[in-house]
Structure formats: structure tokens, C-alpha cells
Amino acid sequence: MIETTGYGYGTDVGLLRSGNEDALLVLPEADVLGVADGLGGHAAGEVASALAVAELREALTGLAGAEADAVPGALAEALQRAHARVAESGQERERRGMGTTAVVLHLRPGRAWVAHVGDSRAYLLSGGRLAQLTRDHERLGSLTQALGLGVVRPDVAELETGPGNRLLLCTDGLTNTTDEDDIAELLATGTPQEATDALVLVALQNGGLDNVTVVVADAR
Ligand code: CA
């Protein structure tokens, strides 16, 4: 189980939006963290990200006990379950077209897995260098994959980690406002919760045009 000092998380509606369509997944008993960014307008985006997180929580609750070889499949299957749940709810007329991104992290000593759909991202900070672990499912500014819409094929990445490595999960409310040098510098600062708070704050200072959600976790 992740120590509570080993991670931080935060979300903010931003300065212009009336609602927060982002959602957080915090499941320390399964060493799982995640973020989701709903789309669909009005209340639908909030419904989509909340439903996806609820389904992921249920699907991943026993992940800490899984064999390492089974982790990528379990993460992909959980995202497919969330996809089906959001798609089903999206049949209702007022929710037509709703969907959500999701990026999920599973941490173990010396190892981490990242699974995602959409343009919410994961980064690794190692030796002061920031590396993006996810490739956006996006073309010409539009999402090519989102939970609840069409067909999804989650990407799952596995990486070796060590003490001093730090992982970041975030919605595009951070990455659309803040360049990677600034992200790297703030991510390296203080405890995971202090780094989280600094990253949410800089997104607001850079205009706060969108909801912003951040998770920071120290690798073991
Ligand atoms: Ca967003």
C-alpha cells in the first residue's frame, strides 16, 4: 500500500468554467491512482468522468494482489469496463456524446504501470528530466479515443522505477497552460502534495481556462 506521504492529489474548477468535469481516482489500498477528464458539455462531462472513476475503482480494487504479468491486462480490462459503463449511460438523450479520458497508475517497488485513453497524461521525473509516458490519442486537435465513445484500445506502459523517481498524472488543464520546463521544476519541489498544489496553482496563474487535476506520486 502506498504511504499517504508518498502521493498527493488536487483538482480545481479553474477560473472560467462553471463546473469541474475532471475526476480523481485515489485507491491507495490497491496502489492505484488516476485522473479523468470528462467531455460532453453541461452535466454530461461530470457524469462521464465520475462513472468511469467509479467503475475503475471497483475493477482495480484487488490489483495489488495480482501477478505482475497480469497487471497490463487487468488495467486494460478495467478501462474497457469503464468504457462500457460510460457508453451505456450515454444512450440517454441528454447525455449523448459524453465521454471521458482516463490515465491510471499502478505502483510497486521498482516498477510502475501506466494505462490511458485520451489526452490525460503521465510523466516520469528522473534525475531532473521529465519524460512523457503516454502518447495522446488525438489527431488535429480532436480526441481519437475516449471512454464511452466508439472503440477504445487502451495503451499500457510498464517501466522500471527507483527511489527519487516521481510520477505525474494530469489533465490537459495543466499541459495546455504550462510548459514542460516549468512542470519539471515544480514537480521536483517539496513533498508530493506540495508539488501537486504548486502545479494546480501555476495552471490557475496561467489563465485557469480549464479544469485542472494533478496527481503526484513518489516511486519506491
Ligand atoms: Ca480538460
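Remember, it's 1-based here, ligands and their atoms both numbered in the order they're listed. A quick note: this is a predicted structure, and the numbers were derived from the prediction, not measured.
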Chemist: In chain order, what residues pass the ring pair (Phe, Tyr, Trp, His ring centres under 6.0 Å) check against His106, with sequence neighbours excluded?
Modeler: Trp113
Chemist: Look up atom OG1 in Thr61 and atom CG in Leu56, then write down how far apart they are to the nearest 0.5 Å.
Modeler: 11.5 Å
Chemist: Donor-acceptor pairs are to be reported for all side-chain atoms of residues 211-220 against protein atoms at under 3.5 Å, with residues two or more places apart or in another chain.
Modeler:
unit_1	atom_1	unit_2	atom_2	d
Asn211	OD1	Glu21	N	2.8
Asn211	ND2	Val13	O	2.8
Asn211	ND2	Gly19	O	3.0
Thr213	OG1	Thr11	OG1	2.7
Thr213	OG1	Asp22	OD2	2.8
Asp218	OD1	Arg166	NE	2.6
Asp218	OD1	Arg166	NH2	3.4
Asp218	OD2	Arg166	NH2	3.3
Arg220	NH2	Leu107	O	3.3

Chemist: What protein N, O or S atoms come within a distance below 3.0 Å of the Ca ion (ligand 1), ordered by chain and number?
Modeler: Asp37 OD2, Asp172 OD1, Asp210 OD2
Chemist: For the atom pair OH (Tyr9) and CG (Leu33), what is the distance rounded to the nearest 0.5 Å?
Modeler: 9.5 Å
Chemist: Donor-acceptor pairs under 3.5 Å, side chain of residues 136-147 to any protein atom, not counting sequence neighbours: which ones?
Modeler:
unit_1	atom_1	unit_2	atom_2	d
Asp136	OD1	Arg121	NE	3.0
Asp136	OD2	Arg121	NE	3.3
Asp136	OD2	Arg121	NH2	2.8
His137	ND1	Gly118	N	3.0
His137	NE2	Asp155	OD2	2.8
Thr144	OG1	His137	O	3.3
Thr144	OG1	Glu138	N	3.4
Gln145	OE1	Arg153	N	2.7
Gln145	NE2	Arg153	O	3.4

Chemist: Working to the nearest 0.5 angstrom, can you tell me the gap between Leu174 CG and Leu169 CG?
Modeler: 11.5 Å
